[in-house]
Amino acid sequence: AGAGRLTPAGLPTAPPAAALVLGAAALMLLAVADRGLGRIGSGALRTLGATSAYASASVFTMDGRDLGRALATAPRRAPRRTRSFRRVRRPWAAVAVADLVLLSRSPWQAGQLVVASAVPVLAIRTDGLDRLPAVGATGLLLGWVLAAVAAGHPGRQGQASPALDRLLPLSPAHLVAARCVAPAAILTVVCGLGGLLVGQGSGGVAAWTAMALATVPSWTAAALRGAYRPELNWAGPVVATPMGVVPAGVAATLVQGIDVGLVGSAPIVAAVLLGGPPSGPLVAGQLAWSGLLAVAALAHLASRRVAVAA
């Protein structure tokens with residue numbers, strides 16, 4: 001009996017008049033939207049165009065930094081009052097303060113930091129998961145990776161506009177050091193909170209907090225290394241994949257940044273997996289290992305910036 005019907009016999013069908021009403025409403029909304037196009041300011045058009053361009057570039061170049069720039073929306077209104085920053089009198093301090101101000105006015109990065117602080121809480125304080133050391137270690141690493149990505153936002157902006165960095169009388173090494181101030185301050189809070197949570201669950205709050213804070217140098221270097229990583233070389237050899245051709249060595253390029261943080265966190269991960277509060281020598285070893293990796297990564301970054309400037 002239902003042969004030839006496009007809808008099953010048990011479902012209600014819309015009358016033709018409803019379709020006409022919906023079509024007329026759609027045409028009316030389209031006309032209103034078309035008349036409102038003239039009220040869009042040129043600044044808003046440039047902002048929306050830049051967002052679309054960054055998102056498209058992120059897809060085609062396989063570079064997540066462009067996606068971060070697309071999501072970093074500009075503030076809808078200017079600050080109510082200007083700030084003079086009279087105490088900022090040195091170039092490196094100007095860079096550090098500008099990075100902190102940029103992060104304070106970036107809602108997307110603020111949300112990332114909130115999530116980065118919440119992930120270890122869920123992994124360590126959730127009933128049942130708190131008895132699985134591997135879950136706790138994974139939660140710490142995921143939260144710290146997300147925090148490093150958020151803290152590297154000013155560096156990504158500087159990488160996109162290198163002319164701004166060259167306006168200041170700073171050498172590449174001093175510029176990299178100045179760029180470390182904002183990520184180090186943010187990661188000190190996030191990593192310290194993670195160590196505090198681990199200590200609350202297993203004892204030795206001070207030892208675990210110190211152990212987590214000892215990873216800050218490596219994660220600071222990870223934030224800067226990821227922000228200033230080189231572009232993918234599409235002019236070199238390529239590899240055929242089901243999604244199309246990609247440059248050879250794309251994976252090694254995309255993981256630049258988080259690799260330093262993950263390797264630098266190896267001692268605290270081992271301590272979490274083994275259980276028990278870390279000893280003093282282990283905390284010192286974590287700090288030395290993290291600091292050594294950070295110095296090596298930042299020195300390499302500074303030398304690469306020298307080569308680019310030349």
Side-chain angles (χ1 to χ4, degrees), residues 64-65 68 99-100 103 106 108-126 129-130 132-156 179-202 205 207-229 254-274 278 282-283 285-298 301:
R65 291 175 297 186
D99 289 351
L100 291 172
L103 286 171
S106 302
W108 179 261
Q109 279 67 36
Q112 282 183 304
L113 292 174
V114 171
V115 175
S117 302
V119 169
V121 175
L122 295 176
I124 297 172
R125 306 301 296 173
T126 301
L129 296 179
D130 55 350
L132 301 174
V135 176
T138 303
L140 282 178
L141 293 180
L142 289 178
W144 293 349
V145 166
L146 190 58
V149 172
H153 174 60
R156 290 191 294 272
R179 290 283 188 197
C180 290
V181 175
I186 292 174
L187 290 166
T188 297
V189 177
V190 177
C191 293
L193 179 61
L196 183 64
L197 290 171
V198 175
Q200 291 289 340
S202 59
V205 177
W208 280 113
T209 304
M211 189 77 172
L213 290 176
T215 65
V216 170
S218 61
W219 285 110
T220 301
L224 267 294
R225 177 175 163 86
Y228 284 96
R229 67 172 180 262
L254 295 180
V255 299
Q256 286 192 24
I258 62 173
D259 52 354
V260 176
L262 294 176
V263 175
S265 302
I268 190 173
V269 171
V272 171
L273 294 177
L274 294 176
L282 184 58
V283 174
Q286 170 67 81
L287 181 60
W289 174 244
S290 178
L292 181 63
L293 286 178
V295 170
L298 294 176
L301 177 59

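Keep in mind that the numbers below use all heavy atoms, side chains included, and drop hydrogens, waters and symmetry copies.
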- [ ] Step by step, work out the side chain to side chain donor-acceptor pair (under 3.5 Å) result for Ser290 and Trp219.
- [x] CA-CA 8 Å; Ser290 178; Trp219 285 110; over 6 Å; no
Task: Side-chain heavy atoms of Pro267 within contact of Met211, under 4.5 Å - done: yes
Task: Inter-residue atom distance Cys180.SG - Asp99.CG, 0.5 Å rounding - done: 10.0 Å
Task: Validation row: Leu140, Val119 side chains within 4.5 angstrom (heavy atoms) - done: no
TODO: Heavy atoms only: give me the nearest Ala150-Leu113 pair and the separation to one decimal.
DONE: CB-CD2, 3.8 Å
Task: Separation of Leu146 CG from Gln112 CD (nearest 0.5 Å) - done: 5.0 Å
Open item on the list: To check you understand the geometry: which heavy-atom pair defines the closest contact between Gly192 and Thr209, and what is its length?
Closed with: O-CG2, 4.0 Å
- [ ] Flag the pair Trp108 / His153 as yes when at least one side-chain heavy-atom distance between them is below 4.5 Å, and no otherwise.
- [x] no
Open item on the list: Restricting to non-hydrogen atoms, name the atom on Val283 and the atom on Ala214 that form the minimum distance, rounded to 0.1 Å.
Closed with: O-CB, 4.2 Å
Task: Interatomic distance, Arg156 atom CZ to Tyr228 atom OH [nearest 0.5 angstrom] - done: 11.0 Å
Task: Closest non-hydrogen atom pair, Leu103 against Ile186 - done: CD1-CD1, 3.1 Å
- [ ] First locate atom CG of Leu273, then atom OG1 of Thr138, and finally report the distance between them rounded to the nearest 0.5 Å.
- [x] 8.0 Å
Task: Any side-chain heavy-atom pair of Asp259 and Arg225 under 4.5 Å - done: yes
Open item on the list: If you compare all heavy atoms of Ala221 against all heavy atoms of Ala294, which two are closest, and at what distance to 0.1 Å?
Closed with: CB-CA, 3.7 Å
TODO: Please confirm whether the backbone N or O of Thr215 pairs with a side-chain atom of Ser218, one donor and one acceptor, at under 3.5 Å?
DONE: yes
TODO: Would you give the length of the straight line joining atom CG of Leu213 to atom CG of Leu196, rounded to the nearest 0.5 angstrom?
DONE: 10.0 Å
Open item on the list: Looking at every heavy atom in both Ala227 and Gly152, which two are closest together, and how far apart are they?
Closed with: CB-O, 3.7 Å
Open item on the list: When you compare the side chain of Leu141 with that of Val269, does any pair of heavy atoms fall below 4.5 Å?
Closed with: yes
Task: Donor-acceptor contact present, side-chain Gln109 to main-chain Ala151, <3.5 Å - done: no
Open item on the list: Does any part of the side chain of Ile268, heavy atoms only, come nearer than 4.5 Å to the side chain of Trp144, both counted from C-beta?
Closed with: yes
TODO: Determine whether Pro120 and Leu193 make a side-chain contact, defined as any pair of heavy atoms from C-beta on separated by less than 4.5 Å.
DONE: no
